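Have a look at the structure below before the remarks.
In this text, all values refer to a predicted model and were calculated from it rather than measured experimentally. What's counted below: heavy atoms across the whole structure, side chains too, no hydrogens, waters or symmetry copies. Naming convention: chains lettered A, B, ... in sequence-line order (proteins, then strands); numbering from 1 in each chain.
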Number of protein chains: 2
Amino acid sequence: MSEKKSYSIGELASEFDVTTRSIRFYEDQGLLHPTRRGQTRIYSSQDRVRMKLILRGKRLGFSLAEIRDLFSLWDETLSGSEKQLNLLLEIISQKRAELDQQLKDIAMVQVELDNAEIRCREALAELQAQKQQVS
Amino acid sequence: MSEKKSYSIGELASEFDVTTRSIRFYEDQGLLHPTRRGQTRIYSSQDRVRMKLILRGKRLGFSLAEIRDLFSLWDETLSGSEKQLNLLLEIISQKRAELDQQLKDIAMVQVELDNAEIRCREALAELQAQKQQVS
DNA sequence: CAGATACTTTACGTTTACGTAAACTTACCC
DNA sequence: GGGTAAGTTTACGTAAACGTAAAGTATCTG
C-alpha cells in the first residue's frame, strides 16, 4: 500500500533516527548507492531496506566493512562462478556459526541477569524486613 | 579439581587469545583489579571469570564502559540502598530488552542467510545444468 | 525576491580499543 | 653471571565511526 518509491536523506535520517552525516558516511563506505537529482541524493525503497539491514547489523556488533561485504556477497550471488559460489556458501556457514555463538552468549547473559535480579530482590526483601523490626 | 588460584598476565593472554596489552588496558579502564607481587600483576580465578565475561560482552557488541558499569552494578548489589536497588532492577530489565532485540535481529539474519544459501545452491544447480547441456 | 530550510562538499576533531616501540626491571637457566 | 624470556611503565600511532564546523547551492514559501 504505502509503497513510497523515493526518499530524501532527511526522511531516512528521521525515520531511522540517525544523522545525515551517518547516512552519507555509509555511502562513502560503499554501503549505499543512492541516485542523484543534480547534486541531491535520492534514496529508493531498496536503499531504505539496506538502512534497516545496516542498523540491524550494527546492533549485532558487525562492522560497516563486514556489512558491506555481506551486501556485495548477496549482490554477486547470481553472477558468481562455481568457485565463487562455493566460497559464498562457506562464508554463509561461518556467519551462521557466529550467530550461534551469539545465541549462546545471550543465553548465558540472560542467566546472569536472572541471578542479578534475584540477588537484587533478596536484598530488597532484607531491607523490608529490617524496617519491620525497627517499627 | 583443577582450581588454579592465580594466573600471570601471559597465561590469561594465551588462554583467551588476547594480547597482554589488552589485558592491561582492561585494568586501566577499571574492568580488572589484579593484585601485585612487587610490580608483577597476579590474577585470581575471579579475574579469570571476569575475562570470560568481558569477551562475552564484547562479542555481543557491548563497549568496555558498559561492561565495567555492569560489573560495578553487580558488585554494589548487596550494599545498595532501596533506591539503588530499584534502579538496578530497571537497568537489568533494560538490558533484558536489548538482548530480546538482539534475539529478534539474529532470527531475521538467520532467515536471510537461509535465503542466501538457497539462492546460492540454485545458482550452482543452474551451472551444473549448463554443463550437462554442453557435454 | 528575501529569508528560512534542506541539501551539498570539504575537512579537521573525537572517542574507543587497542597496536607498537622504547627503555627498563625481574626471574629463571645453564 | 650472562643471556633470554616475561614482566613493567610511558607514550605515541592507528582504524573505525562518526561529530562538528564552514561555506556554498537549491528549493520552497509567504
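- Rounding to whole angstrom units, OH of residue A:Y7 and P of C:dC7 are separated by 15 Å.
- Remark: P of D:dA16 and CG of A:D69 are 12 Å apart, rounded to the nearest angstrom.
- Residue A:S8 has a polar side-chain atom (N or O) positioned under 4.0 Å from OP1 or OP2 of C:dC7.
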Mind listing the N/O atom pairs, protein and nucleotides 24-30 of chain D, below 3.5 Å?
none

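- Between A:I54 atom CD1 and D:dA16 atom P there is a gap of 16 Å when expressed in whole angstrom units.
- Counting to the nearest Å, the C1' atom of D:dA17 and the CD1 atom of A:I67 are 11 Å from each other.
- Remark: C1' of C:dA27 and CD1 of B:I42 are 13 Å apart, rounded to the nearest angstrom.
- For B:D75, the CG atom is densely surrounded, since the number of other residues' heavy atoms within 6.0 Å is greater than 12.
- Counted by atom type alone, B:S44 and B:D47 present one or more donor-acceptor pairs between their side chains at under 3.5 Å.
- Judged by distance alone, with hydrogens and angles left aside, the side-chain atoms of A:D28 form no donor-acceptor pair with the main-chain N or O of A:R24 at under 3.5 Å.
- Shortest non-hydrogen contact noted between A:L127 and B:S81 is CD1-C, 4.1 Å.
- When only modelled atom types and interatomic distance are considered, A:D105 and A:Q101 share a side-chain donor-acceptor pair under 3.5 Å.
- With rounding to whole Å, A:L12 atom CG is found 14 Å from C:dA6 atom C1'.
- One atom, CZ of A:R24, and another, C1' of D:dT20, lie 13 Å apart when rounded to the nearest Å.
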Measure all distances between protein nitrogen or oxygen atoms and nitrogen or oxygen atoms of nucleotides 15-18 of chain C, and list the pairs falling under 3.5 Å.
{"unit_1": "C:dA17", "atom_1": "OP1", "unit_2": "B:L64", "atom_2": "N", "d": "2.9"}
{"unit_1": "C:dC18", "atom_1": "OP1", "unit_2": "B:K58", "atom_2": "NZ", "d": "3.4"}
{"unit_1": "C:dC18", "atom_1": "OP2", "unit_2": "B:Y26", "atom_2": "OH", "d": "2.9"}
{"unit_1": "C:dC18", "atom_1": "OP2", "unit_2": "B:K58", "atom_2": "NZ", "d": "2.6"}
{"unit_1": "C:dC18", "atom_1": "N4", "unit_2": "B:R21", "atom_2": "NH2", "d": "3.3"}

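- Between A:E112 and B:K95, no side-chain nitrogen of the basic residue sits less than 4.0 Å from a carboxylate oxygen of the acidic one, so the salt-bridge criterion is not met.
- The pair B:R96-A:D114 meets the salt-bridge criterion, with a side-chain N (NZ, NE, NH1 or NH2) lying under 4.0 Å from an Asp/Glu carboxylate O.
- Residues A:I54 and A:F16 are not in side-chain contact: their nearest non-hydrogen atoms beyond the backbone lie 4.5 Å or more apart.
- Within 6.0 Å of atom CZ in A:R36, more than 12 heavy atoms from other residues, nucleotides or ligands are found, so the atom counts as buried in its surroundings.
- Put simply, CD1 on A:I9 is 13 Å from P on D:dC18, counting in whole angstrom units.
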